[in-house]
Structure formats: structure tokens, C-alpha cells
Student: 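The structure under discussion is supplied below as C-alpha cells; questions concerning it will follow.
Just so you know, these numbers come straight off a predicted model, no measurement behind them.
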Amino acid sequence: MSTASRNKGLIAEVLTQVGDCGLFLLSILAAVPRSLRHGRETVRQLWFVGGLSVTIIMVCGLFVGMVLALQLYHVLSTFGSTTATGSVVAIAVYRELGPVVTALLFAGRAGTSITAEIGLMRATDQLSAMEMMAVDPLAYVAAPRFLAGLIAMPLLCCIFCAMSILGGHLVGVTWLGIDNGTFWSNMTASIDVWNDIGKGILWKSLVFGALTALIAVYQGYTAPPTSEGVAYATTRTVVASSIGILALDFVLTAFLL
């Protein structure tokens with residue numbers, strides 16, 4: 001088979017996957033009203049994908065803020081603008097790094113867990129057993145996990161951003177000697193609630209949360225019922241989520257500027 005034929009086959013497969021995922025999203029949205037009766041399951045999934053991800057989000061957010069402040073301080077020192085370190089850290093975190101890095105961490109920690117769990121349900125015929133007992137798997141399994149990801153992502157993004165600002169403050173003020181009042185006053189003066197926090201944290205994190213949760217649930221729900229199939233589905237979750245997050249980040253940034 002020629003390279004052109006393989007490329008065409010790959011593109012066709014990707015487009016088919018995207019179309020199937022879109023149809024699966026419509027099925028989940030239609031099942032959301034029926035899933036409200038399973039509120040306890042949604043809360044359990046919210047703790048599983050959100051509460052258990054707080055530690056990695058806090059640690060990574062702290063170090064991202066520290067690295068940003070350290071790098072930006074030395075870059076801004078060449079222009080005599082080290083007092084703007086806090087402002088640049090906050091803008092970078094709120095607009096880009098906060099939503100993107102949080103989504104990537106969420107995909108690696110929670111997305112893979114969702115895919116593996118649902119994939120094992122498929123492999124052990126639990127989903128088929130639910131259908132035989134007149135329990136809708138979409139309403140009991142897929143929709144609660146999708147809603148949990150959609151709700152958890154903005155909350156985790158807020159935690160990541162807060163820890164990043166704390167890390168930037170520790171390096172900028174405690175280590176590098178920037179005046180504390182100047183650090184905070186410049187930061188608060190340069191941050192716009194709607195353009196920076198609203199568009200960055202709110203919109204991007206919601207879109208990334210929906211995308212990551214959808215891909216994780218879809219890959220697990222359609223995984224071949226074998227151990228190898230579940231492993232491949234988990235890998236596809238990370239790859240597809242990472243590519244989708246970065247691609248959507250460009251699109252959203254272009255529209256929200």
C-alpha cells in the first residue's frame with residue numbers, strides 16, 4: 001500500500017472517529033435528564049475525577065508558577081521591568097497555562113481512569129447486564145462521568161491558578177526580593193476579570209472539561225472487550241485528549257481575543 005493510500009485511510013479513520021464521537025455526545029446529552037435520578041453516582045464520580053485529582057493539580061500548579069516567575073524575572077530584568085513579574089505570571093496562567101495544563105493533567109489522571117473503568121465494564125459484560133436489567137448504561141455510567149468531568153474541570157483550574165500565583169509569589173517576593181505590595185498591586189491592576197479570568201478559566205476550562213470527559217467516556221464505552229482493547233483505548237484517550245486540547249486552545253484563543 002502506498003503512502004498516499006495509508007494517509008487517506010488514516011484521515012478517513014480519524015474523521016469516522018470524530019463523527020462517531022459527536023453522535024455519542026448527542027446520546028449522552030439525551031441521557032442527562034434520565035441520569036438525574038442517579039445523583040449519588042454523579043457525586044461519587046465528581047469525587048473520583050475531581051477530588052482525587054486535587055493533589056497533583058496543586059503540586060504542578062505550584063511548580064509551574066515558580067518556574068514562570070524565575071524565568072520571567074531574568075527576562076524582564078534586561079528591560080528593567082522586574083516589578084511586572086507578577087502581572088505577566090498572572091496573565092500567562094489565567095489565559096493559557098491554567099486551563100491547558102489542568103486539562104492535560106486531568107486527561108492523564110482522570111481521563112485514563114474513566115476509560116479503563118468503563119472498558120473493563122464492557123470487557124466483563126457489566127454494560128450488557130445493565131441493559132438486560134432495564135438499566136440504561138448511558139444514563140447510569142456515561143452521563144454521570146461526563147457531568148463530573150464538566151463540573152470538576154473549572155474547579156480544578158481555579159485551584160491550579162491559585163497555586164501558580166502562590167508559587168510565583170514565593171519565588172518573586174520571598175526569593176528574588178520583589179516588593180510584596182508592588183507584586184500584588186501590579187498584578188491586580190493588569191488583570192481584567194472578564195478578559196483574563198472569565199474567558200480563560202471559565203470558557204476554556206468548560207470546553208476542555210467537556211472534551212476530555214467525552215473522549216474518555218467514548219473510548220471506554222466503545223473499547224473492544226479484551227485486555228488489549230482496553231489498553232489501546234486508554235492510550236487513545238490521552239493522545240486524542242492532548243491533541244484536542246491544544247487544537248481547541250488555538251481556536252478558542254483566536255475567537256476570544
Side-chain angles (χ1 to χ4, degrees), residues 50 53-111 149 152-212 238 241-257:
S53 302
V54 170
T55 301
I56 187 175
I57 293 295
M58 291 179 65
V59 173
C60 293
L62 181 66
F63 282 107
V64 165
M66 294 172 70
V67 170
L68 268 179
L70 190 60
Q71 292 280 9
L72 290 172
Y73 180 86
H74 291 288
V75 172
L76 294 173
S77 63
T78 60
F79 303 98
S81 303
T82 55
T83 55
T85 301
S87 302
V88 182
V89 168
I91 292 174
V93 168
Y94 287 141
R95 290 188 179 182
E96 291 298 328
L97 290 179
V100 172
V101 177
T102 301
L104 293 175
L105 292 172
F106 184 87
R109 189 260 159 223
M153 184 67 76
L155 301 177
L156 293 175
C157 185
C158 291
I159 295 174
F160 182 93
C161 292
M163 293 303 298
S164 296
I165 298 301
L166 175 60
H169 180 270
L170 290 176
V171 171
V173 176
T174 306
W175 183 6
L176 300 176
I178 301 175
D179 180 71
N180 183 61
T182 303
F183 182 91
W184 289 113
S185 62
N186 287 345
M187 180 187 299
T188 54
S190 60
I191 294 299
D192 183 82
V193 175
W194 171 245
N195 289 326
D196 298 322
I197 299 177
K199 292 180 179 180
I201 295 180
L202 180 60
W203 288 109
K204 285 189 177 182
S205 61
L206 281 174
V207 173
F208 295 160
L211 174 70
T212 306
V238 178
S241 297
S242 301
I243 295 175
I245 288 165
L246 296 176
L248 274 180
D249 181 53
F250 172 77
V251 175
L252 291 174
T253 300
F255 278 100
L256 294 176
L257 281 178

Student: Got a second to check how far Leu211's CG is from Leu248's CG, nearest 0.5 Å?
Tutor: 5.5 Å

Student: Determine whether Leu202 and Ile197 make a side-chain contact, defined as any pair of heavy atoms from C-beta on separated by less than 4.5 Å.
Tutor: no

Student: Looking only at non-hydrogen atoms, find the nearest pair between Ala90 and Met187 and report the distance.
Tutor: CB-CG, 3.6 Å

Student: Write out all pairs satisfying side chain to side chain donor-acceptor pair (under 3.5 Å) with one or both partners inside residues 248-257, taking only residues at least two apart or from two chains.
Tutor: Glu96-Thr253, Lys204-Asp249, Lys204-Thr253

Student: Of all the heavy-atom pairs spanning Ser53 and Leu156, show the shortest one and how long it is.
Tutor: CB-CD1, 4.1 Å

Student: Has Ser241 got a side-chain atom pairing as donor or acceptor with Val238's backbone, closer than 3.5 angstrom?
Tutor: no

Student: With side-chain contact (heavy atoms from CB on, under 4.5 Å) as the criterion, how do Leu246 and Val100 come out once you've worked through the C-alpha distance, each side chain's angles and the decisive distance to 0.1 Å?
Tutor: CA-CA 7 Å; Leu246 296 176; Val100 172; 4.0 Å; yes

Student: For Val93 and Pro99, work out which heavy atoms get closest and say how close.
Tutor: O-CD, 3.7 Å

Student: State, to 0.1 Å, how close Leu70 and Val171 come at their nearest heavy-atom pair, and which atoms those are.
Tutor: N-CG1, 3.9 Å

Student: Identify the two heavy atoms, one from Thr182 and one from Ser185, that lie closest to each other, and give their separation to 0.1 Å.
Tutor: O-OG, 3.2 Å

Student: To the nearest 0.5 Å, how far apart are OH in Tyr73 and OG1 in Thr78?
Tutor: 11.5 Å

Student: Would you say that Asp192 contacts Tyr94 through its side chain, given a criterion of any heavy-atom pair below 4.5 Å between the two side chains?
Tutor: no

Student: Kindly indicate whether the side chain of Leu252, heavy atoms from C-beta on, has any atom under 4.5 Å from the side chain of Phe208.
Tutor: yes

Student: To the nearest 0.5 Å, what is the distance between CD1 (Ile178) and CG (Leu76)?
Tutor: 8.5 Å

Student: Do Val207 and Met153 have side-chain heavy atoms sitting under 4.5 Å apart?
Tutor: no

Student: Given Val173 and Trp184, is the side-chain contact (heavy atoms from CB on, under 4.5 Å) satisfied, shown in steps?
Tutor: CA-CA 10 Å; Val173 176; Trp184 289 113; 5.7 Å; no

Student: What pair of heavy atoms forms the shortest contact from Ala69 to Thr85, and how long is it?
Tutor: O-CG2, 3.9 Å

Student: Report yes if some heavy atom in the side chain of Leu68 is under 4.5 Å from a heavy atom in the side chain of Ser164; otherwise report no.
Tutor: no

Student: Measuring from Leu72:CG to Ser87:OG, what's the distance to the nearest 0.5 Å?
Tutor: 10.5 Å

Student: If I take atom CG from residue Leu176 and atom NE2 from residue His74, how far apart are they, to the nearest 0.5 angstrom?
Tutor: 6.0 Å

Student: Is the shortest heavy-atom distance from the side chain of Ile159 to the side chain of Leu155 under 4.5 Å?
Tutor: no

Student: Roughly how far, to the nearest 0.5 Å, is the CD1 atom of Ile57 from the CG atom of Leu62?
Tutor: 13.0 Å

Student: Stepwise, does the side-chain contact (heavy atoms from CB on, under 4.5 Å) test hold for Met163 with Val64?
Tutor: CA-CA 9 Å; Met163 293 303 298; Val64 165; over 6 Å; no

